[in-house]
Amino acid sequence: MTPIRTRFAPSPTGFLHIGGARTALFNWALTRRLGGQFVLRIEDTDLERSTHESERAVIEGLRWLGLEWDEGPHRQSEHAARHGAVVESLLASGAAYRCVCTKEELDARREADIAAGGKGLYDGRCRERLYGPDCGTHVVRLRVDPNASLRWDDLVFGPSGQDASEIGDGIIRRSDGTPLFHLAVVVDDLDMKISHVVRGADHHSNTPFQIAIHRALGAEPPTYAHVPLIVAPSGRKLSKRRDPVSIQQFRADGYLPEAMINWLARLGWSHGDQEIFSIDEIVEHFDLAHVGRSGAQADPAKLDWLNQHYLKQRPSETLFEAARPFLEAVAERPIERDARIDRLLDLLRERASRLPELAERARFALVEEISLDPTAAKKHLRPVALEPLEALIPALEGLPEWTEAALEAAFEDTCRALGDLKLGKLAQPVRVAVTGSAASPGIYETLYVTGRAWALARLRRAVEWIRERGDA
RNA sequence: GUCCCCAUCGUCUAUCGGUCAGGACUCCAGCCUUUCAAGCUGGUGAGGCGGGUUCGAUUCCCGCUGGGGACGCCA
C-alpha cells in the first residue's frame, strides 16, 4: 500500500480556530496511523484578506497542539504561475472558456431565473462564443458537461455528489487574472500528490465542482472525507465574535494542549466508550469510519473536566512549566520551581480546572499581602477563635521544623490542650487567617506551603483583627 | 428559492434488526471530611413526527418537521 498524503490547508484570514484545529488533528492522526506525509499548505489565494500575522498564529497554534507537519508550509500564492498555466491549458483544450458577463448582468439574470422558477445557475451565455484573449475584461469558466455525474464515495458521508446540471459552469479565474480557490486547490492537491482530502463539511457541496476540474485536467480526484462542522453552544454556526474559538485564546485561558486535543478528538469521533485519549492513543485508534455525520456542539464544561484530568496527570516539572506564567501573573514576580512550589501545585491541581484558577488559588502562598474575604472572616474570625489561635501561635513558633507532620502534631497538641477542641474549630479560623478564604487545601499543607514567616504574621494579625472588632 | 447533508439523555457519543438503549460531561443526592476540592456510590435524563418493510425497529425505506451547509470574480 502506498503511503497516504494528506494536507491541512487553512486560509490565513483569522486565527486558528477549533474547527480548523480539529480538521488538522484528524488529518494528522490519520496520516500518523497509516504512515504517510502530512502537508501544511497556507491558502492565501485571497491576498486581500490574508495576513502574515494570522499565518503565524495558525502555525503557532498547530505547534502548540503538537500537530507537526512533514512538509511545508507551502503557500498557495507561490504557485500562481502554475495555476495560470493550468488555466491556459484548459482554455487551449476547450475545457474552459472566457466569459465577459459582468457581475451586474449576472446578478440580474440570476434573479430573473430564480423568479421564473429556475435554479439561478450561470446561463451559459458565453459558453459557445469562444472569446479570445483580447475580448477585454473577462473571467474564465470551466465548461462543465451538464450530463456528467459528479459523485464520489466520501469516507465519512458515504455516497455523495450530484449531477453536473445542478452546479453550472463555475469560474476558475478572476477578471484580474488570479485563480480561484477551487482551481488552486485542485491543482495544488494534484501537484502535491495529495491522496486523501480530509476537510470541513462546508466543502461537501463544493466537491462536485472540484471533481469536475480534476476531470477536465484528466486526473483522478483524491479520496475525500468531510468532517461535520463544530457548532456553537447556542446550536448555531460558530461565530468568531461571540464564541470562544481561537486556539490561542484557549491557551491564554489556561487550557493544556493535551486537553484540547482530547476534547477536539471526541468532538465527532469516537472509539467505543473511551473518553480519555492520549495523543498516542488517538493515533493508534483514529479511524474515519467512526467519525459521525452530524454537527457537534463544543461543550466547554467537558473541556474543563478534561483539563483538570490532565492537570492531575502532568509530571510536576511540566505542570510547573505550564503554570508558571499564570503563577507569575498573580505573584507579579518571577517564580522558580522548588519543593514548596511543587507541593503547592500538587495540592491545587485537583482543585482547579484551569491554570488561571489554579494560580488564583495559589495566591496566599505567592504574595505576602492577602486580603480577607469579608464573609469568611465574619464567620470564622470571631472572639471564640481567639483562645485557640493564641494557643496555636506559640506552638507553631516553637516547631523545630516547618513540616506537614510537625504541623499536624502541633494542631493535635493544641486541640488536646484546649480540652479536646474539635479540629474544625481551630482549623477554620487558621485557614481564614492564613489564606483569607474559607476554602483551601488541608490546613497542614496550607501552612506548609505558606511558609512559617508569613503564616505566623497572618495569625498574629488575625488575633489583632478579632480584638479590634470585638464581638461585632 | 435551488441543491446537498444531518437527526439517540441539556451536551459529546455507543449501538452496525432482538440491549432493562450503554458510557462520559453537566446537574442533584449520599458517603468521605478540618474547609474547598478530589474520590467513591446512587439518581434525574434520549431514539422529533407519521407511514411502511419485518416475527421484531433507534437501527432499513419513504414523507414531514426541525437543524446545518452550499449556491461569490471568499476560502
Side-chain angles (χ1 to χ4, degrees), chain A residues 9-13 43-46 48-50 76 99 101-103 106-107 110-111 113-115 117-121 137-141 154 157 160-163 165-168 170-178 180-182 184-185 200-209 226 228-229 231 233 235-237 263 266-276 289-290 292-306 308 312 347-353 361 376 380 411 415 422-432 435 437-444 446:
Chain A
S11 58
T13 54
E43 309 250 311
D44 57 352
T45 314
D46 185 358
E48 294 278 305
R49 300 195 300 158
S50 300
Q76 199 152 57
C99 169
C101 300
T102 65
K103 228 182 259 188
L106 255 18
D107 287 344
R110 181 181 303 120
E111 273 180 47
D113 183 46
I114 289 173
K119 300 174 191 297
L121 300 175
T137 303
H138 66 275
V139 299
V140 173
R141 287 182 185 274
D154 196 278
F157 284 95
S160 303
Q162 47 198 307
D163 294 329
S165 59
E166 299 290 346
I167 67 172
I171 296 172
I172 55 176
R173 189 174 76 187
R174 300 185 181 88
S175 53
D176 67 1
T178 58
L180 260 94
F181 160 76
H182 293 295
V185 167
D202 48 338
H203 288 293
H204 196 254
S205 308
N206 292 150
T207 306
F209 185 56
H226 290 88
L229 267 20
V231 299
R236 298 213 155 265
K237 189 156 110 181
W263 185 54
R266 281 291 285 103
L267 265 181
W269 173 72
S270 64
H271 180 65
D273 283 340
Q274 189 170 345
E275 294 288 346
I276 302 294
H290 287 92
R293 280 141 311 190
S294 50
Q297 288 186 32
D299 180 14
K302 186 94 164 243
L303 209 212
D304 282 349
W305 173 72
L306 282 166
Q308 181 171 43
K312 289 192 286 186
L347 296 170
L348 262 20
R349 68 205 308 174
E350 61 184 33
R351 291 178 166 80
S353 56
R361 285 175 184 269
H380 299 289
F411 269 69
C415 282
K422 293 267 289 180
L423 180 56
K425 299 289 185 189
L426 175 61
Q428 275 310 88
V430 171
R431 189 186 314 283
V432 174
T435 70
S437 158
S440 87
I443 196 62
Y444 316 128
T446 294

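Chain identifiers are assigned alphabetically (A, B, ...) following the order of the sequence lines, protein sequences preceding nucleic acid strands; residue numbering begins at 1 within each chain.
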Undergrad: Run the salt bridge (charged side-chain N to carboxylate O under 4.0 Å, His left out) test against A:Asp113 and tell me which residues pass, sequence neighbours left out.
TA: none
Undergrad: Could you tell me the separation between the CH2 atom of A:Trp269 and the C1' atom of B:C12, rounded to a whole number of Å?
TA: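 Rounded to whole Å, this separation is 13 Å.
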Undergrad: If the condition is salt bridge (charged side-chain N to carboxylate O under 4.0 Å, His left out), which residues does A:Asp202 pass it with, not counting sequence neighbours?
TA: none
Undergrad: For the side chain of A:Lys119, starting at C-beta, report the closest nucleotide among B:C3, B:A75, B:C73.
TA: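 The answer is B:C3.
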Undergrad: Check the distance between B:U33's C1' and A:Glu350's CD and give it to me in whole angstrom.
TA: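 The answer, rounded to whole Å, is 13 Å.
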Undergrad: Are A:His226 and A:Thr207 close enough that a side-chain donor and a side-chain acceptor fall under 3.5 Å?
TA: yes
Undergrad: Would you indicate, yes or no, if B:G39 has its OP1 or OP2 atom less than 4.0 angstrom from a side-chain nitrogen or oxygen of A:Lys312?
TA: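 The answer is yes; a side-chain N or O of A:Lys312 sits under 4.0 Å from OP1 or OP2.
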Undergrad: Rounded off to whole Å, could you give me the CD-to-C1' distance for the A:Gln162 and B:C3 pair?
TA: 5 Å
Undergrad: Hey, which of these two, A:Leu229 or A:Ala296, hits RNA chain B nearer its 5' end, going by closest nucleotide?
TA: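 The 5'-side residue here is A:Ala296.
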Undergrad: Quick one, A:Thr178 with A:Asp176, criterion side-chain hydrogen bond (donor to acceptor under 3.5 Å, both in side chains). Give me CA distance, side-chain angles, the key distance, then yes/no.
TA: CA-CA 6 Å; A:Thr178 58; A:Asp176 67 1; 2.6 Å; yes
Undergrad: Considering only atom P, compute the distance from B:G72 to B:C64 and round it to an integer number of Å.
TA: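 Their P atoms lie roughly 26 Å apart.
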Undergrad: Does B:G1 have its OP1 or OP2 closer than 4.0 Å to a side-chain nitrogen or oxygen of A:Arg110?
TA: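 For A:Arg110, the contact criterion (side-chain N or O under 4.0 Å from OP1 or OP2 of B:G1) is not met.
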Undergrad: Using atom P in both nucleotides, what's the gap between B:C55 and B:U15 to the nearest angstrom?
TA: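 The answer is 27 Å between these two P atoms.
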Undergrad: Suppose you measure atom C1' in B:C31 against the same atom in B:A46; what distance do you get, rounded to whole Å?
TA: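 Result for the C1' pair: 29 Å, nearest Å.
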Undergrad: Take atom C1' in B:U19 and the same atom in B:G47, then report the distance between them in whole Å.
TA: 13 Å
Undergrad: Using whole Å, what does the distance between atom C1' of nucleotide B:U15 and atom NE2 of A:His290 come to?
TA: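 The distance from NE2 of A:His290 to C1' of B:U15 comes to 10 Å, rounded to the nearest Å.
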Undergrad: How many Å lie between NE2 on A:His204 and C1' on B:G67, as a whole number?
TA: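 So the NE2-C1' distance, A:His204 to B:G67, works out to 17 Å.
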Undergrad: N/O contacts under 3.5 Å, protein versus nucleotides 62-64 of chain B?
TA:
none

Undergrad: Sticking with atom P, work out how far B:G67 lies from B:G45, rounded to a whole angstrom.
TA: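 The answer is 27 Å between these two P atoms.
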Undergrad: Where do A:Ile443 and A:Ala427 come nearest, in terms of heavy atoms and distance?
TA: CD1-O, 3.7 Å
Undergrad: If you pin A:Leu121 and A:Gly268 to their nearest nucleotides in RNA chain B, which one's is more 5'?
TA: A:Gly268
Undergrad: Rounded to whole angstrom, note down the C1' distance from B:U13 over to B:U58.
TA: 14 Å
Undergrad: Strictly under 4.0 angstrom, non-hydrogen atoms only: write out the protein contact profile of nucleotides 22-32 of chain B, one letter per nucleotide from the 5' end, B, S or -.
TA: BBBSS------
Undergrad: Between protein and nucleotides 43-49 of chain B, what N or O pairs are separated by less than 3.5 Å?
TA:
none

Undergrad: Work out which heavy atom in A:Gln308 is nearest to a heavy atom in A:Ala352; give both atom names and the distance.
TA: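 Closest approach of A:Gln308 to A:Ala352: NE2-O, 3.3 Å.
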Undergrad: Between A:Arg431 and B:A37, is there a side-chain N or O to OP1/OP2 distance below 4.0 Å?
TA: no
Undergrad: Name all residues meeting the ring pair (Phe, Tyr, Trp, His ring centres under 6.0 Å) criterion together with A:Trp263; count only those two or more places apart in sequence or in a different chain, and write none if there are none.
TA: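 Testing A:Trp263 for ring pair (Phe, Tyr, Trp, His ring centres under 6.0 Å), a comparison that skips the adjacent residues, returns A:Phe250.
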Undergrad: When the C1' atoms of B:G43 and B:U26 are compared, how many Å lie between them, rounded to an integer?
TA: 14 Å
Undergrad: From the list B:C12, B:A75, B:G69, which nucleotide is the closest neighbour of the side chain of A:Gln297?
TA: B:C12
Undergrad: How far does the C1' atom of B:U65 sit from the matching atom of B:C12, given to the nearest Å?
TA: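 B:U65 and B:C12 have their C1' atoms separated by 24 Å.
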Undergrad: What is the distance, rounded to the nearest whole Å, between atom CD1 of A:Ile114 and atom C1' of B:G1?
TA: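 Checked: the CD1 to C1' distance equals 6 Å.
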